[in-house]
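Below: one structure, written as structure tokens.
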Amino acid sequence: MPELAAEFAEAWRRFQAADSVRLLDETLESEWTRGRTDYAAFLIQITDPAVRAHIARVLEAVASIPGVEPYPEAYWHATIKGVGFMAGQPARDDELSPDDIHRIAEEARPLLEHQAPFRAQLANINAFAEVVFMEVLDGGVIRSLNKRLLDGIAGIQRQPVDGAYFLPHISIARFSSSDGLPQLKETLARLRDEQPAGPAFTVRDALLIRAHPTGEAPTFETLAAYPRRY
């Protein structure tokens with residue numbers, strides 16, 4: 001999908017021009033230190049062995065760079081849509097009750113299960129201000145699913161990066177400081193030259209998960225599964 005490639009190239013240009021990164025306490029995960037513990041999201045877990053092996057090889061090259069904190073293998077996923085924080089008594093616009101989550105899970109079923117299995121491919125290593133990530137080229141399917149959920153289900157948290165701006169990706173590391181930023185830029189540029197593409201894989205299902213905070217990375221509990229039926 002040409003527009004995805006162009007948008008990933010623009011993300012890379014912005015990162016190369018950046019003089020700092022967004023640290024952990026400035027991102028969504030920081031909310032877990034402020035009494036908001038569980039976050040719901042639709043995502044695709046990365047289970048393909050070849051994809052995991054490729055990501056592991058890439059991570060070896062960046063794991064020792066100061067300020068870079070790799071995510072563990074169990075965390076690797078491609079987000080389809082963030083839903084919101086789960087709360088017994090919602091008090092903010094981005095909080096949802098257990099009944100809200102149950103309704104959203106069921107309303108998502110036809111929207112996700114009617115999507116045929118599709119092929120995706122890892123492309124370049126890249127970075128946003130918050131994370132190092134692997135680009136995912138999928139012909140626009142994940143972006144389409146993101147928009148389908150936004151348009152079809154009331155109450156889901158709407159974010160600036162959703163819809164036409166959503167870029168499918170797999171986050172592989174976060175930042176604890178900007179100390180290693182020059183080294184990280186150089187290393188990622190080298191990896192983009194050496195390994196411009198990774199393996200292709202087939203996406204056959206999606207999950208609605210509850211993310212719990214832990215020291216190393218959030219852990220996932222499956223709330224609903226959406227196998228592809230066609």
Side-chain angles (χ1 to χ4, degrees), residues 4 26-48 71-72 74-118 120 128 130-131 133 136 138-171 174 201-214 217-230:
L4 281 182
E26 301 170 349
T27 66
L28 179 67
E29 290 181 52
S30 69
E31 292 290 342
W32 287 323
T33 68
R34 301 169 188 163
R36 285 146 60 90
T37 56
D38 294 343
Y39 189 81
F42 293 99
L43 56 76
I44 297 161
Q45 284 199 308
I46 303 305
T47 59
D48 183 277
Y71 282 118
Y75 181 78
W76 298 345
H77 67 277
T79 298
I80 300 173
K81 178 72 194 84
V83 174
F85 285 96
M86 302 173 67
Q89 296 181 331
R92 294 167 60 172
D93 290 343
D94 60 352
E95 295 179 349
L96 297 160
S97 70
D99 286 345
D100 291 328
I101 295 295
H102 178 75
R103 172 185 57 80
I104 289 169
E106 291 309 305
E107 290 181 5
R109 198 162 295 284
L111 302 177
L112 295 175
E113 290 183 354
H114 288 194
Q115 169 64 51
F118 61 93
F128 296 131
E130 301 88 353
V131 292
F133 69 89
V136 176
D138 66 343
V141 177
I142 295 176
R143 176 179 284 184
S144 174
L145 293 173
N146 174 282
K147 188 174 186 301
R148 197 180 301 174
L149 292 168
L150 273 173
D151 294 344
I153 303 177
I156 291 181
Q157 183 181 4
R158 187 175 293 267
Q159 299 172 339
V161 298
D162 283 325
Y165 302 100
F166 190 78
L167 280 176
H169 65 280
I170 301 167
S171 297
R174 59 191 177 185
F201 58 103
T202 300
V203 177
R204 293 186 173 86
D205 54 28
L207 301 174
L208 173 63
I209 61 90
R210 177 205 307 253
H212 300 284
T214 66
T219 58
F220 298 149
E221 172 193 344
T222 298
L223 301 177
Y226 305 92
R228 304 291 191 253
R229 293 183 174 177
Y230 299 96

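Under the side-chain contact (heavy atoms from CB on, under 4.5 Å) test applied with P168, the options V141, L145, D138 reduce to a single match, D138. A side-chain contact (heavy atoms from CB on, under 4.5 Å) with I44 holds for exactly one of T79, V203, V136, I170; it is V203. Screening I153, L43, I104, L150 against K81 for a side-chain contact (heavy atoms from CB on, under 4.5 Å) leaves a single residue, L150.
Heavy-atom minimum distance, A40 versus L208: CB-CD1, 4.4 Å. Residue S97 comes nearest to P90 through the heavy atom pair N-CG, 3.4 Å, listed as atom of the first residue, atom of the second, then distance. For D38 against R210, the heavy-atom pair with the smallest separation is OD2-NH1, 3.2 Å. The minimum heavy-atom distance between G155 and R103, with the atom names listed, is CA-NH2, 4.4 Å. Pairing each heavy atom of Y71 with each of A217, the nearest pair is CD2-CB, 3.7 Å. Between A224 and A105 the shortest heavy-atom distance is CB-CB, 4.3 Å.
R109 contributes a side-chain N or O that, together with a main-chain N or O of A225, makes up a donor-acceptor pair within less than 3.5 Å. Checked by atom type and distance alone, the side chain of R143 pairs as donor or acceptor with a backbone atom of A164 at under 3.5 Å. Panel note: side chain H77, backbone Y75; a donor-acceptor pair is recorded below 3.5 Å.
We find the CG-CD1 distance between L223 and I209 to be 7.0 Å, quoted to the nearest 0.5 Å. Note that the CG atom of D94 and the OH atom of Y39 stand 7.5 Å from one another [nearest 0.5 Å]. Taking CD1 from I156 and CG from L96, the interatomic distance works out to 8.5 Å, rounded to the nearest 0.5 Å. From L4, atom CG reaches atom NE2 of H169 across 12.5 Å, with rounding to the nearest 0.5 Å. Note that CD1 of I80 is 8.5 Å distant from CG of N146, once rounded to the nearest 0.5 Å.
The shortest side-chain heavy-atom distance between L112 and L149 falls under the 4.5 Å cut-off. Two residues are said to be in side-chain contact when any heavy atoms from C-beta on lie closer than 4.5 Å; L167 and F128 meet this criterion. No side-chain heavy atom of Y226 sits less than 4.5 Å from a side-chain heavy atom of D205. In this structure, F220 and Q45 have side chains that are in contact, with non-hydrogen atoms separated by less than 4.5 Å. Side-chain contact between E113 and P227 is present, with heavy atoms from C-beta onward closer than 4.5 Å. By the 4.5 Å heavy-atom criterion applied to side chains, P160 and Y165 are not counted as neighbours.
The number of heavy atoms from other shown groups lying within 6.0 Å of CG (D151) is above 12.
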